[in-house]
Amino acid sequence: MPQTEDPRSQDIAAGFNPRNGPSDPPAVAGGVGAGGDAGRTPLSNRIDRYDPPAIEARWQQRWEDDGLYHARDDDPRPKYYFLTMYPYPSGDLHTGHWYAETPPDTKARYMRMRGHNVLFPYGFDAFGLPAENAAIRNNIHPFKWTMANIDRMRQQAKRMGTMFDWSREVITCLPEYYRWNQWFFLQFYKRGLAYRQKAAVDWCPNCNTTLAREQVWGEDRHCERCGTPVIKRDLEQWFFRITNYAEELLNFDGLDWPERVKTMQTNWIGRSEGATISFKIDAASSPQAAGFNPQISESPLPLRERARVRVPGAASSDDASLTADQSEVISVFTTRPDTIYGVTFMVLAPEHPLVDSLTTPERRAEVDAYIEQARRQTEIERTAADKTKTGVFTGSYAVNPYSGDRVPVYVGDYVLATYGSGAVMGVPAHDERDFEFARKYGLSIPVVISPPDPRDPSGVGVDAEGRATPHSDQSVAAGPGGVGVEAEGRATPLSDQPEAVYIDPGIMVNSGPFDGTPSVEGKAAVIRHGEERGFARGTITYRLRDWLISRQRYWGTPIPIIYCPNDGIVPVPESDLPVLLPEDSEFVPTGESPLKRDDSFRLVKCPQCGADAERETDTMDTFVDSSWYQYRYLSHDYDQAPFDPAKRDWLPVSQYTGGIEHATMHLMYFRFFTKAMRDIGLIDFGEPAVKLNNQGIILGPDGEKMSKSRGNVVNPDDYVNSYGADTFRCYLMFIGPWSEGGPYRPDGIEGISRWLNRVWHLTLEPPVFNDTDEDATRELQRQRHATVRVVTDDLDEFRFNTMLAKLMEYTNYLGRAKEAGNVGPTAWQDAVETLLLMIAPAAPHIAEELWQRGGHAYSVHQQAWPTYDTALAQSETFTLVVQVNGKLRDRIDVPVDINEADATALAFASPRVQPHIEGLTISRVLFVPRRLVNIVVL
RNA sequence: GCCGGGAUGGCGAAACUGGCAAACGCAGCAGACUUAAAAUCUGCCGGCCGCGAGGUCUUGUGGGUUCGAUCCCCACUCCCGGCACCA
């Protein structure tokens with residue numbers, strides 16, 4: 001048994017004070033896990049006390065022996081694919097797993113009782129760093145470590161009493177699984193969805209690997225897994241082109257997903273509408289003859305490629321016309337084309353490929369030094385929002401294609417190389433960053449947008465009629481200490497220098513032909529103007545970056561690529577898959593993947609020319625594995641394709657559940673993969689899961705994240721051993737709304753335990769029936785129907801806490817009815833049966849036990865969910881609330897169908913109401929059927 | 001800074017579409033059972049005033065709408081999450 005294999009749980013249990021503790025021998029000895037047929041042995045000797053460990057072990061064995069939870073492909077009932085995020089096999093099934101998995105199990109069991117053929121599979125996300133770290137630390141092979149953990153966790157998971165269909169289990173580190181990761185990679189490569197590129201990428205110095213942008217978190221840009229701040233490194237890496245789907249990923253039509261997730265993904269994708277505008281380099285100032293390096297100007301701009309420029313309505317999406325001659329043109333992306341006449345400088349990111357060629361000889365030393373210091377800074381230092389903007393002049397000028405202004409070109413590290421085109425136009429009057437930059441370097445700050453409201457205190461340039469007035473005199477020269485590289489072109493006479501930026505919409509001023517145009521319309525007008533003349537175009541830019549999947553680690557899927565001196569990048573032929581991860585690689589804590597030093601893996605012949613070649617030694621991000629695992633569950637040993645197309649009618653996933661922390665990681669990749677699979681032709685739908693529900697995070701009793709180092713880990717085994725799985729399951733659901741999570745409070749579990757004990761005794765010790773009272777019997781029936789209604793609604797909506805509250809209320813009511821002994825025996829029997837059916841999803845073991853002991857046919861989990869009749873659920877009377885001026889004054893029991901006249905009459909007749917209305921004028925009387933009467937007095 | 005979500009008894013929480021605030025449970029108090037304890041059962045359990053009947057206040061703060069507001073609107077405080085020099 002797993003609990004005896006785990007020395008830790010024993011240690012902790014020793015100091016634990018359970019009700020059915022070790023010193024308290026079980027009522028029936030030898031029942032626990034004694035044998036597979038224990039559940040089939042009729043219980044002649046009655047267990048009079050509720051003994052969860054004995055009951056639970058027995059039923060778990062029986063269910064497994066019977067294959068009760070195997071989902072059958074040919075079952076005629078409507079299919080319902082219920083998926084819960086599979087766990088990483090860390091070695092211990094902890095409270096978080098219980099919290100993530102037993103409430104969904106409750107819902108899945110409920111759906112099954114509602115008549116669906118429910119597939120509820122489970123598996124293990126088996127590749128990943130911890131296995132490799134354990135290998136380095138303890139000299140255990142990651143495979144052994146992982147498989148041992150899986151064996152252990154599988155046993156622990158079975159104690160949860162879930163209806164997981166273990167016959168479909170998926171383990172991602174097995175070649176039968178990961179060969180399909182490689183197969184997907186090859187399909188993606190064929191279609192340009194997988195590509196290799198050198199880029200400045202995020203590197204975790206602790207995990208010794210690159211990370212995807214999604215896996216870098218927080219203000220300090222730390223590794224999502226280990227918390228270490230990441231650094232940037234220039235590396236050749238493999239990417240999946242998720243940005244191809246940026247626009248489609250913004251569309252959540254038909255998806256029943258939490259708003260929170262949709263919002264997070266929308267923000268993450270970060271769509272911006274604007275324009276790409278080309279500024280020509282002013283030939284007179286450019287060091288063209290000497291400085292141009294054709295290699296640089298011809299090298300692809302990674303930033304531009306990855307910014308997925310799209311042109312709505314344009315005939316061609318090829319932006320070559322804007323950028324063909326990059327040596328002479330700087331492209332910028334702006335969301336404010338309406339401010340184009342306010343440009344007084346340009347800033348290039350230090351990594352921008354034009355920086356070198358634009359730097360004049362006399363500026364060279366300063367620019368090189370600046371770039372060097374920018375490179376030395378960490379990502380966090382560079383992107384700290386409160387950092388002062390810095391930059392250096394390159395010596396070159398660019399020409400504003402709209403105004404003809406000649407503006408200086410700077411290099412500044414506040415411009416990101418990875419967004420837009422890596423260059424910005426500086427509009428200091430209408431952009432806070434540009435304003436700061438201009439102040440610092442003494443650049444002029446001409447106002448080109450005027451606030452629309454003439455009474456606006458900062459409102460300059462709007463006349464009495466609210467129309468804009470020309471602003472030929474708004475530009476101003478440098479502030480004190482300015483180094484002063486002044487834009488040339490138009491006159492910029494002295495005037496008031498704006499004290500603050502104005503970023504809101506307004507009226508375009510000082511903007512040539514656009515003067516007087518509202519800025520909102522001006523955006524389109526400016527773009528149109530530029531498009532007609534070939535130096536601008538409407539552009540949509542996304543913040544989303546392509547998914548970096550290369551990992552410099554051993555324990556992952558080998559990327560099926562060979563590098564040949566003759567043929568370059570050569571994909572491994574599909575017939576050669578899987579590329580097996582070698583088992584005998586040596587683990588040395590050098591921070592490098594063992595694959596790099598494993599010649600028997602690395603050295604191969606080129607599949608095309610036979611020359612000596614090398615394999616890619618990086619492995620794939622483990623998020624690749626989880627991007628499509630739901631398909632593999634359908635046919636986990638199918639060897640012709642990722643999944644057997646004959647099983648398609650399970651798809652897509654009907655209900656998915658998992659932690660909110662995956663909103664912008666797994667859940668983005670998960671959607672991307674399904675869309676890519678659709679485009680490959682494997683499936684005919686574009687979203688992986690119709691409905692999604694997230695659970696919150698269960699915290700330690702101290703309200704902090706559970707962690708071994710904090711010592712606040714709640715070990716489920718302790719509670720399961722003493723209270724039973726049913727109690728622990730229900731308690732986790734009772735704590736509060738499942739989507740909220742929250743601290744685990746160890747004392748609260750007593751209440752659930754008491755409740756299940758009450759259910760036990762209530763069921764097994766029927767009332768002594770006295771004279772049957774018709775009213776009491778009818779009330780019993782009403783309570784039954786009303787409870788079924790509430791519990792059904794609550795389960796439909798994932799409201800496990802209120803479902804359990806209602807069941808407790810019903811149990812309490814039954815307790816009183818039993819005490820009174822005045823209900824009919826048949827009605828009582830129905831009432832108790834219904835109770836067992838309703839607790840079956842949440843507390844499957846005790847329900848099964850009591851169901852059997854009640855003489856019913858096995859299994860309670862194959863019964864239909866109880867139905868209710870709305871009419872029968874309704875009471876014949878209700879409590880009429882009587883208010884005077886909205887204040888409660890009396891409550892009167894009245895028939896449900898009481899009419900207004902009668903209700904009002906009763907209200908006025910009430911002795912409690914009288915004193916509050918006596919001598920006062922009645923101004924109104926309100927009657928709300930089935931609710932109240934409110935008497936309004938003056 | 002921007003975008004979400006939230007704030008209700010000693011605690012976790014509930015309250016349908018604007019209609020009895022605090023269901024259900026924990027903790028606490030009192031009682032029954034017991035030689036005693038545990039377990040179990042019963043009752044009480046937001047604040048203030050009152051012997052009581054009852055009155056009065058109360059859902060983060062301040063306003064508003066309404067016969068009536070935990071719920072809708074405005075302003076604010078605090079907490080949590082996401083994003084953040086994204087042009």
Whole angstrom value for the distance that separates P of rG25(B) from OH of Tyr813(A): 16 Å
Sugar-phosphate, base or nothing in reach of Arg271(A), heavy atoms under 4.0 Å: nothing
Partner nucleotide, any strand, of rC20(B) [Watson-Crick/G-U, under 3.5 Å]: none
Gap between atoms CG and C1', on Leu932(A) and rA69(B) respectively (whole Å): 14 Å
Sugar-phosphate, base or nothing in reach of His761(A), heavy atoms under 4.0 Å: nothing
Ring centroid separation Phe437(A) to Phe435(A) under 6.0 Å: no
Sugar-phosphate only, base, or nothing, as touched by Pro737(A) at under 4.0 Å among non-hydrogen atoms: sugar-phosphate
Sugar-phosphate, base or nothing in reach of Thr879(A), heavy atoms under 4.0 Å: base
Atom-to-atom span, CZ of Phe927(A) to P of rG68(B) - whole angstrom: 20 Å
Sugar-phosphate only, base, or nothing, as touched by Leu926(A) at under 4.0 Å among non-hydrogen atoms: base
Separation of rG1(B) C1' from Glu432(A) CD (nearest whole Å): 8 Å
rG43(B) glycosidic torsion: syn (within 90° of 0) vs anti: anti
Base of rG5(B) paired with side chain of Glu259(A) (donor-acceptor, under 3.5 Å): no
Phosphate OP1/OP2 of rA23(B): any Arg799(A) side-chain N/O under 4.0 Å: no
Distance-only donor-acceptor check, side chains Glu436(A) and Tyr414(A), under 3.5 Å: no
Interatomic distance, Asn267(A) CG vs rG5(B) P [rounded to whole Å]: 12 Å
Positive for side-chain hydrogen bond (donor to acceptor under 3.5 Å, both in side chains) with Trp755(A), one of Thr727(A), Thr811(A), Asn812(A): Thr811(A)
Side-chain N or O of Thr802(A) closer than 4.0 Å to phosphate OP1/OP2 of rA23(B): no
Parallel, tilted or perpendicular: ring planes of Tyr731(A) versus Tyr744(A), cut at 30 and 60 degrees: perpendicular
Minimum side-chain heavy-atom gap Val261(A)-His662(A) below 4.5 Å: no
Sugar-phosphate only, base, or nothing, as touched by Asn801(A) at under 4.0 Å among non-hydrogen atoms: sugar-phosphate
Nearest listed nucleotide, side chain of Ala805(A), among rG25(B), rA23(B), rC20(B): rA23(B)
Side-chain N or O of Lys887(A) closer than 4.0 Å to phosphate OP1/OP2 of rA69(B): no
Side-chain N,O (Arg543(A)) to OP1/OP2 (rA87(B)) below 4.0 Å: no
Distance-only donor-acceptor test (3.5 Å): side chain Asn934(A), base rC67(B): yes
Under-4.0 Å side-chain N/O to phosphate OP1/OP2 contact, Arg754(A) with rG25(B): no
Under-4.0 Å side-chain N/O to phosphate OP1/OP2 contact, Asn757(A) with rA39(B): no
Atom-to-atom span, NE2 of His916(A) to P of rG68(B) - whole angstrom: 17 Å
Sugar-phosphate, base or nothing in reach of Asp434(A), heavy atoms under 4.0 Å: nothing
Given rC67(B), rG19(B), rA87(B), the nucleotide with the shortest approach to the side chain of Thr335(A): rA87(B)
Ser753(A) and Tyr50(A) side chains, donor-acceptor separation under 3.5 Å: no
Gap in Å between the two P atoms, one belonging to rC45(B) and one to rC33(B), rounded: 24 Å
Minimum-distance nucleotide to Asp431(A) side chain [options: rC3(B), rA84(B), rA87(B)]: rA87(B)
Sugar-phosphate only, base, or nothing, as touched by Trp268(A) at under 4.0 Å among non-hydrogen atoms: sugar-phosphate
No-hydrogen, no-angle side-chain donor-acceptor test under 3.5 Å, Arg889(A) and Ser910(A): no
rC67(B) OP1/OP2 closer than 4.0 Å to side-chain N/O of Arg924(A): yes
Touch class at under 4.0 angstrom, heavy-atom based, for Arg816(A) against every strand present: nothing
Sugar-phosphate, base or nothing in reach of Val424(A), heavy atoms under 4.0 Å: base
Separation of rC26(B) P from Tyr744(A) OH (nearest whole Å): 14 Å
